[in-house]
Number of protein chains: 2
Amino acid sequence: MTTDRSAGRVRLKDVADLAGVSMKTVSNVVHDYEHVSAAMRTKVQSAIDELGYRPNLTARRLATGKTGMIALAIPEIDQFYFAEMARYIGEEAGRHGYRILVEQTLNDVEAERAVIRDREEGLVDGVIFHPARIDTLEIARLRPGTPLVLLGEAARPLNTDHVMIDNTRAARDGVEMLLRAGRTRIAFLATVRGDITESTHLRLLGYQEALLAAGLELDPRLVLQSDGFSIEDGVRALASAVESGVAFDAVLCRDDLFAMAALRALGQAGLRVPADVSVLGWDDTAVARYSTPALSSISPDKRALAATAFALLEDRMQGYDGIGRHEIVPHSIAERATT
Amino acid sequence: MTTDRSAGRVRLKDVADLAGVSMKTVSNVVHDYEHVSAAMRTKVQSAIDELGYRPNLTARRLATGKTGMIALAIPEIDQFYFAEMARYIGEEAGRHGYRILVEQTLNDVEAERAVIRDREEGLVDGVIFHPARIDTLEIARLRPGTPLVLLGEAARPLNTDHVMIDNTRAARDGVEMLLRAGRTRIAFLATVRGDITESTHLRLLGYQEALLAAGLELDPRLVLQSDGFSIEDGVRALASAVESGVAFDAVLCRDDLFAMAALRALGQAGLRVPADVSVLGWDDTAVARYSTPALSSISPDKRALAATAFALLEDRMQGYDGIGRHEIVPHSIAERATT
DNA sequence: GTTGACATTTACAGCGCTATAGATTAGCGT
DNA sequence: ACGCTAATCTATAGCGCTGTAAATGTCAAC
């Protein structure tokens with residue numbers, strides 16, 4: 001057995017020559033094509049083994065026009081939520097013979113535009129994109145030739161497929177759970193200065209709807225404001241509410257990070273969780289399981305999100321070219337120790 | 001302006017025909033080749049714009065033999081440490097004109113073998129691989145044709161490039177810091193049943209060295225044992241130590257996850273952190289910044305890790321074929337509220 | 001021994017782009 | 001004008017694989 005890895009790579013042609021057959025026959029063996037005689041299969045296979053042949057994927061792609069890859073464009077791979085989505089989408093794609101190319105947009109508008117503008121032309125068969133900055137109009141305008149499915153609530157152009165959970169409904173569910181547990185002064189942490197995404201808004205809306213539906217009055221002082229997305233910003237937002245004397249017995253947080261901020265701020269203020277104040281996070285990321293006390297969190301069904309997004313994309317990759325489909329995926333509430 | 005996206009894609013040839021020039025000239029314009037007259041450049045560019053031409057990356061790759069992509073093979077993308085490494089490596093690669101393909105091995109031996117065996121033949125120019133299950137010997141034996149750089153301490157074959165921090169030294173540094181703060185009964189959380197990786201062992205070694213160097217006796221009861229890698233396992237390990245009456249005033253944890261477990265177990269046992277017990281994590285992942293109290297953690301220089309790994313890989317991709325280089329990257333200790 | 005009807009196998013034209021070698025044009029000194 | 005070098009541009013042969021159409025084999029039935 002000669003496995004020559006040093007010299008120029010072994011080509012399909014080399015195998016064909018050694019086995020004394022045509023290239024197509026080798027190709028057939030490689031692809032387990034059914035109409036190949038057993039003898040031929042054996043002969044070719046041993047030539048393959050002898051030379052250590054391995055198909056060149058790039059050439060295959062050029063010939064077939066299929067790359068077997070999809071791009072996953074997300075703001076930051078090291079944010080828990082996106083990392084988890086990357087995992088699930090990667091697994092789902094893998095099950096269907098696709099692999100994923102992770103593209104970080106790092107919240108940069110230009111990077112997001114590049115994603116929409118067939119940036120990956122001929123590199124991937126489709127794109128799953130969670131936009132953060134770019135808006136609906138622009139996506140519709142730059143409408144790419146490559147199959148595209150959108151995630152998140154930032155942008156929802158009519159002509160593009162889109163998957164999300166019902167944020168408003170989920171927020172309502174969360175508040176109702178808190179209400180059932182006897183909490184009546186529920187704060188929302190937090191609207192963020194300069195936040196141009198839709199998520200917070202939708203969640204806040206659900207929060208308000210639930211309160212009104214329960215016959216409670218909306219107290220604007222309970223809708224906290226944060227100067228930014230960092231944990232320190234969140235801590236400050238909650239701490240200053242406590243200092244200013246606003247009373248509350250529960251906090252619905254726009255994401256798990258702010259929930260961690262709430263835990264810290266409440267701890268520093270000497271308030272016990274959940275005895276004095278319940279805390280409910282959002283996204284049910286790993287950090288919710290790791291924190292002390294373990295964080296209750298609104299839990300989008302991430303696997304369903306991944307599976308649905310992939311299914312829609314696969315549909316497009318197989319030629320569907322109709323109007324945008326907008327799918328709502330289930331959510332639940334992971335109850336742990338903070339409520 | 002006709003931007004035809006529906007029909008078959010626009011090819012280089014189409015642009016050449018429209019502009020009335022050769023394909024190579026169009027290619028030259030696309031690549032900003034210097035020896036192209038301004039007039040020609042303008043003419044070709046407008047043909048490109050008119051047709052909405054966009055190069056097919058796959059074809060380019062086949063022709064050049066370079067893919068501009070590197071694979072990052074890691075156990076799980078949704079583990080904080082790996083997600084952060086993915087981010088840094090992605091950024092570093094991006095700076096050098098490369099993109100990354102994330103490959104999750106999900107701790108599966110076969111998947112790891114596949115990574116080593118030119119799985120990505122012709123798909124990527126190189127591979128950065130953080131093995132978890134596969135061992136040194138096997139990597140050496142399966143030595144791939146594709147440039148490869150290893151991360152982590154699981155495997156260190158002589159013939160392959162490798163980047164890591166000095167784990168033993170880092171553990172010693174951590175223990176010394178605890179010692180300087182007056183702690184004398186330092187526990188190690190934890191050795192894990194069935195753990196076949198080297199990391200824990202190296203860290204435990206450093207822990208013991210530091211203790212001995214300080215003239216303290218090694219108390220085997222302080223080296224806790226966990227049944228698995230989950231947070232619950234970690235909590236149980238520490239809780240049972242507390243119950244069995246072993247006294248300690250600090251815990252060095254093998255990773256941030258176990259540190260979170262320590263925080264929870266200590267909280268449940270009514271011990272205060274850091275007043276009664278200091279807790280020092282490992283990896284300095286985001287969760288360390290988010291927890292309450294914020295976790296002190298041994299901090300590998302992840303950017304340096306990423307940059308070094310990429311540099312070694314680039315070197316190989318550019319033809320270096322010498323012996324394996326083994327680089328040690330700096331670490332520090334991020335001191336927060338638990339020490 | 002032939003004939004169909006299939007089962008196998010082959011030959012080769014692309015896939016879209018790059019790169020080499022050669023053709024053409026331009027610039028300049030004399 | 002002429003010759004010569006340098007700057008531009010063109011023609012075309014691959015890169016390694018797949019898919020189509022055609023060629024060849026095989027086997028049962030006549």
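The figures here come from the full heavy-atom set of this structure, side chains too, leaving out hydrogens, waters and symmetry mates. Here is the naming used below: chain letters follow the sequence lines, and residue numbers restart at 1 for every chain. These numbers were taken from a predicted model, which means no experiment stands behind them.
Put simply, B:S22 has no side-chain N or O that comes within less than 4.0 Å of OP1 or OP2 on D:dA11. The phosphate of D:dA7 has neither OP1 nor OP2 within less than 4.0 Å of any side-chain N or O from B:H35. Side-chain nitrogen and oxygen atoms of B:Y33 include none within less than 4.0 Å of the OP1 or OP2 phosphate oxygen of D:dA7.
Of the candidate nucleotides C:dT9, D:dT10, C:dC17, D:dT10 has the atom lying nearest to any side-chain atom of B:V21. Of the candidate nucleotides D:dG14, D:dC17, D:dT10, D:dG14 has the atom nearest to the side chain of B:A63. Comparing C:dG16, D:dC17, D:dT18 by their closest approach to the side chain of A:Y53 singles out D:dC17.
Taking the charged nitrogens against the carboxylate oxygens, A:K302 and A:E84 do have a contact shorter than 4.0 Å, which makes a salt bridge. Under 4.0 Å is where a charged nitrogen must lie from a carboxylate oxygen, and between A:D14 and A:R9 no such pair does.
A residue-by-residue look at A:E34 and B:L12 shows that A:E34 has its nearest nucleotide of DNA chain C further toward the 5' end. Mapping B:T64 and B:N28 onto DNA chain D via the closest heavy atom, the residue that lands nearer the 5' end is B:N28.
B:T146 pairs with exactly one of B:D125, B:V127, B:V115 by the side-chain contact (heavy atoms from CB on, under 4.5 Å) rule, that one being B:V127.
Distance, A:L62 CG to C:dC15 C1': 4 Å, rounded to whole Å. Here C:dT20 presents its P atom at 13 Å from NE2 of B:H31, a figure rounded to the nearest Å. Distance CG (B:L123) to P (D:dC15): 20 Å, rounded to an integer number of Å. As rounded to whole Å, 16 Å separates atom C1' of D:dC17 from atom CZ of A:R54. When the P atom of C:dG16 is taken as reference, atom CZ of A:R60 falls 18 Å away, rounded to whole Å. Protein atom CG of B:N56 is 18 Å distant from nucleotide atom P of D:dC15, rounded to whole Å. At whole-Å resolution of the value, CG in B:D17 and P in D:dT10 are 12 Å apart. Here the P atom of nucleotide D:dA11 and the CE atom of B:M23 are 11 Å apart, to the nearest Å.
Backbone-only engagement by B:M40 is indicated by non-hydrogen atom pairs under 4.0 Å involving sugar-phosphate atoms exclusively. At a threshold of 4.0 angstrom between heavy atoms, the contacts of A:S37 are confined to the sugar-phosphate backbone, with no base atom among them.
B:K24 contributes a side-chain N or O that forms a donor-acceptor pair with the base of C:dA19 under 3.5 Å. Scanning atom types as modelled, no donor and acceptor separated by under 3.5 angstrom connect the side chain of A:K13 and the base of D:dG16.
For the pair A:R87 and B:F82, the cation-pi criterion (under 6.0 Å, within 45° of the ring axis) is not fulfilled.
If you take CD1 on A:I328 and CG on A:L305, they are separated by 10.0 Å, rounding to the nearest 0.5 Å.
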